[in-house]
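Notes for the one structure printed next.
Throughout, residue positions are numbered sequentially from 1 according to the sequence presented. Counting starts at 1 for both ligands and their atoms, following the listed order.
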Amino acid sequence: MSQTKQIQWFPGHMFKSLREIREKIKLMDIVMILLDSRLPYASMNPEIMKITQHKPVILLFNKMDLADGEILALSEKKYQEMGYYTLKIDAQSGKNVDKIHQLARDVLKDKIQKEESKGLKIRPFRTMILGIPNVGKSTLINQLSKSSATKTGNTPGVTKAQQWIKLGDTFEMLDTPGVLWPKFTDPKVGYHLAITGAIKDRILPEDDVCHYALDFLKTYYPKKLYQRYQITEAMDYVSMLDQIGKLRGALLKGAEVDYDRVYQIILTDIRGKQLGGLSFDRPETL
Ligand code: G4P
């Protein structure tokens, strides 16, 4: 692996978000934490694990379409062993989003039975959707609110109590900024967040991020790397950049390689589907 630098980064307003979540958690029937399937550990905030420990939690592994299925299955199992309910979803296409409803019912079945035995009508489950920036919260909320949109004509339908947003017939979501900034002291976590675009490119130098990314691909996904860019095992970092620059025509005047463009090419490929499913966090790191 390439050199990893110590990173100090944790925005101050994270403390405000955490305080708000801590205050509102009591109102929840169930909490949904959205994780990035490619980085199920880096996208989990340990503080949130603590705050939510007495509530039923569903971990939604979003962007399943971008992850390495085998590694994702192992990570999911690890979280299940820790007592979490889990579901893999693709909020963009809507895959498995319809299963969230049934899973929540299963998780809350005792509570539902109790209320039904008292003759009470089942009200929508109160929930909070938490996740780091860019993990897909808005996309998921749009998907979940679709079913109510057809009935009420609202997207999403706003209930009378201002703060609660109706998501379909099943959930009422508290309208708080459920944004969690990732906290990391392990530089690897920072690189994984940067590679997938969860933290802005300017927080870590692109050159470092690409260096880490190419080393990572060489270690875990060598075939994909070699095939995509016609790279050979013997090439070092700079030779790989030069090769990618030449192959993709990222050149300055005089045929010099335009490294800034090469960094963008690599990151765009990794963040899209061009290299197939990739997982950066490995289960052994949990
Ligand atoms: P946020 O509210 O948590 O910040 O995230 P948001 O929903 O804005 O999603 C961030 C990006 O991730 C969006 O892409 C969105 O389309 C994409 N996304 C969300 N869920 C999935 C998923 O399951 N699979 C894939 N492949 N992508 C997903 P964008 O490039 O910012 O916008 P656009 O592509 O929608 O134009």
Protein heavy atom under 4.0 angstrom of atom 19 (C) of ligand 1, is there one?
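Under the 4.0 Å cut-off, atom 19 (C) of ligand 1 does have protein heavy-atom neighbours.
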Nearest protein heavy-atom contact for [atom]: which residue, which atom, what distance?
{"atom": "atom 5 (O) of ligand 1", "answer": "Gly136 N, 3.1 Å"}
{"atom": "atom 24 (N) of ligand 1", "answer": "Asp65 OD1, 2.9 Å"}
{"atom": "atom 8 (O) of ligand 1", "answer": "Ser138 OG, 4.0 Å"}
{"atom": "atom 15 (C) of ligand 1", "answer": "Thr139 OG1, 3.7 Å"}
{"atom": "atom 33 (P) of ligand 1", "answer": "Gln92 NE2, 4.5 Å"}
{"atom": "atom 4 (O) of ligand 1", "answer": "Asn134 N, 2.8 Å"}

Single hit among Thr268, Asp208, Asp258, Asp207 for side-chain hydrogen bond (donor to acceptor under 3.5 Å, both in side chains) with Tyr263:
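Option passing the side-chain hydrogen bond (donor to acceptor under 3.5 Å, both in side chains) with Tyr263: Asp207.
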Below 4.0 angstrom, N of the basic side chain to O of the carboxylate: do Lys111 and Asp29 qualify?
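Looking at Asp29 together with Lys111, the answer is yes, because their closest N to O distance falls below 4.0 Å.
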Pairing of Asp269 and Arg248 as salt bridge, 4.0 angstrom limit:
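Judged by the 4.0 Å cut-off on N to carboxylate O distance, Asp269 and Arg248 do form a salt bridge.
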Is the ring pair Phe216/Tyr212 parallel, tilted or perpendicular, if the boundaries are 30 and 60 degrees?
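Plane angle under 30°, so parallel.
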Parallel, tilted or perpendicular: which describes the rings of Tyr84 and Tyr79, with under 30° parallel and over 60° perpendicular?
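Perpendicular: the ring planes of Tyr84 and Tyr79 meet at over 60°.
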Is it true that atom NZ of Lys55 has more than 12 heavy atoms of other residues, nucleotides or ligands lying nearer than 6.0 Å?
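More than 12 heavy atoms, drawn from other residues, nucleotides or ligands, come within 6.0 Å of this atom.
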Just wondering, are more than 12 heavy atoms of other shown residues or ligands nearer than 6.0 Å to CD in Glu256?
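Counting neighbours around CD of Glu256, 12 or fewer heavy atoms of other residues, nucleotides or ligands fall under 6.0 Å, so no.
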If I apply the N/O under 3.5 Å rule, does Lys137 come out as touching ligand 1?
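So ligand 1 has an N or O lying under 3.5 Å from an N or O of Lys137.
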Within-cut-off N or O pair, Ala91 and ligand 1, under 3.5 Å
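In this structure, Ala91 places an N or O atom under 3.5 Å from an N or O of ligand 1.
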